[in-house]
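Report on the structure given below.
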Amino acid sequence: MKKAASTAAIASMGGILPAFSAKSYANIAGANERINVACMGVVSRGMAVGSNFAGQENCNVIYSCDVDSNASAKFVNTINGIQNSKPKEEKDIRKVLEDKDVDALVVTAPDHWHAPAAILGVQAGKHVYVEKPCSHNPKEGELLIEAQKKYNKVIQVGNQRRSWPNVVAGIKEVHNGAIGRPYMAKTWYANTRGPIGVGKKVAVPDWLDFELWQGPAPREEFRDNLIHYNWHWFWNWGTGEALNNGTHMVDLARWGLQVDYPTMVNSAGGRYQFQDDWETPDTQVINMEFEDKSMITWEGRSCNGKRIEDEAVGVLFYGDEGSLLIGGGNSYKIFNLKNEVIKEVKNDMPIDPQNRVSPAQALDAIHIQNFFDGIKDGIEVRSEVIGAHQSTLLVQLGNISQRVGRSLQIDPSNGRIKNDKKAMALWSRDYAKGWEPKV
């Protein structure tokens, strides 16, 4: 099977790449030189991301790292079909990182693994591509920034829309005054998820190493409604819809408004639709205010997929001269104050933002190539750790507000919560002994 879309092919499929697009690798010594990648977490989204890496002409996937032996075997066969070589299998990430042949680690394991694995990766001398959210809690984000600075390795966070050409162009329109002064960004995610039921405590399947799956997280007993997806809705391992999907659009909102840390965050919502084990909100509104008289809102509806602006996900910027909409695809619209469309840039590539596996593979490959540019050429990647932490922190603060039941006053110089010990207790988390992330 041929390698998947190269950078040049991506450009032909998705329009013109931004000015800072991936450079040619023709000048790299050795025509066959490739970046050797280990993929951690290869189920579902991990399968899609790993396959995308394997499809790049300047990459070899050499490890499948997963605690699910069935998923790992499937991944190995899939990758072999793409690159005509089988990755090694190893379920323990610590052993993978001992291999000097590994240049980069791709982390698509559950959220509680993201920052701890990324920190282990850079400590082992590897570059890291980590899916969003970049951390399970704010302290981990701070540690990730510290680790990147200390070990001087490239970390790219999977906020892939920062590399989608028409999204980049839409944000540039906001920055260049197309809607005047932007002062508000409304973001949202809408889906219709069913109940997860009440889990039964059962024996761990023979194909799963549940001890290693839990890794840094405090230990809980295995139950039958947890793996492979429903962990998202449990605080011990997941971060709820706010970080699962809200992170993407809140990141674009923060980028467009050119704001960093807020002054106030509050949240309302809860588990409204079903009575089951789901702990995080299925219905939630987070409000974030900033010093320069601007704000971001996020509306998450996990159990009612009624769209906003005909989009399941999106960000709508409001300015004093108009509005700009970026939906789930690689496109945008500009409106004047009379609600008339005055400019529309359409996407010519199919995207399904509710596809939790691979909504936009060719576009995401641009983000992967940007990661490789960071490794080979030393350029700053588009979703570096400081900005990724700032965006992730916004929705983390929303979840903290939700859990303590009140508004949070925030120090705009560093994003930390002011004068609220109960809220700051959620800034970090407890860890299983021996798994505490350290820089």
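In this chain, residues are counted from 1 in sequence order.
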**Asked** Residues two or more places apart in sequence or in another chain: which of them pass side chain to side chain contact (heavy atoms under 4.5 Å, CB included) with Glu173?
**Response** Ala178, Leu324, Tyr332, Ile334, Lys343
**Fill in**
So side-chain hydrogen bond (donor to acceptor under 3.5 Å, both in side chains) across residues 114-126, not counting sequence neighbours, yields none
**Message:** Below 30° counts as parallel, above 60° as perpendicular, anything between as tilted: where do the rings of Phe210 and Trp213 land?
**Reply:** parallel
**Asked** Could Arg301 and Trp188 be counted as a cation-pi pair, given that NZ or CZ must be under 6.0 Å from the ring centre and within 45° of the axis?
**Response** no
**Prompt:** Taking NZ, NE, NH1 and NH2 as the nitrogens, is one of them in Arg45 or Asp111 under 4.0 Å from a carboxylate oxygen of the other?
**Reply:** no
**Prompt:** Within the side chain of Arg34, is there an N or O that forms a donor-acceptor pair under 3.5 Å with the backbone of Glu57?
**Reply:** yes
**Prompt:** Does the side chain of Pro281 reach to within under 4.5 Å of the side chain of Tyr272, using non-hydrogen atoms?
**Reply:** no
**Prompt:** If you measure from the Lys or Arg side-chain nitrogens to the Asp or Glu carboxylate oxygens, is any gap between Lys132 and Asp251 under 4.0 Å?
**Reply:** no
**Asked** For Glu380, what residues pass the side chain to side chain contact (heavy atoms under 4.5 Å, CB included) criterion, not counting sequence neighbours?
**Response** Glu384
**Complete:** d(Lys346 NZ, Asn330 CG) to nearest 0.5 Å is 14.0 Å
**Request:** Apply ring-ring contact (aromatic ring centres under 6.0 Å, His included) to Phe290 and list each qualifying residue two or more places apart in sequence or on a separate chain.
**Result:** none
**Message:** Taking the cut-offs as 6.0 angstrom to the six-membered ring centre and 45 degrees off its axis, would you call Arg382 and Phe371 a cation-pi pair?
**Reply:** no
**Asked** Is the closest basic N to carboxylate O distance between Glu436 and Arg429 below 4.0 Å?
**Response** no
**Prompt:** Going by heavy atoms in the side chains, are Tyr63 and Val37 under 4.5 Å from each other?
**Reply:** no
**By ring-ring contact (aromatic ring centres under 6.0 Å, His included) - contacts of Trp113 (at least two apart)** = Trp435
**Item:** Listed partners of Trp427 passing ring-ring contact (aromatic ring centres under 6.0 Å, His included), at least two apart
**Value:** none
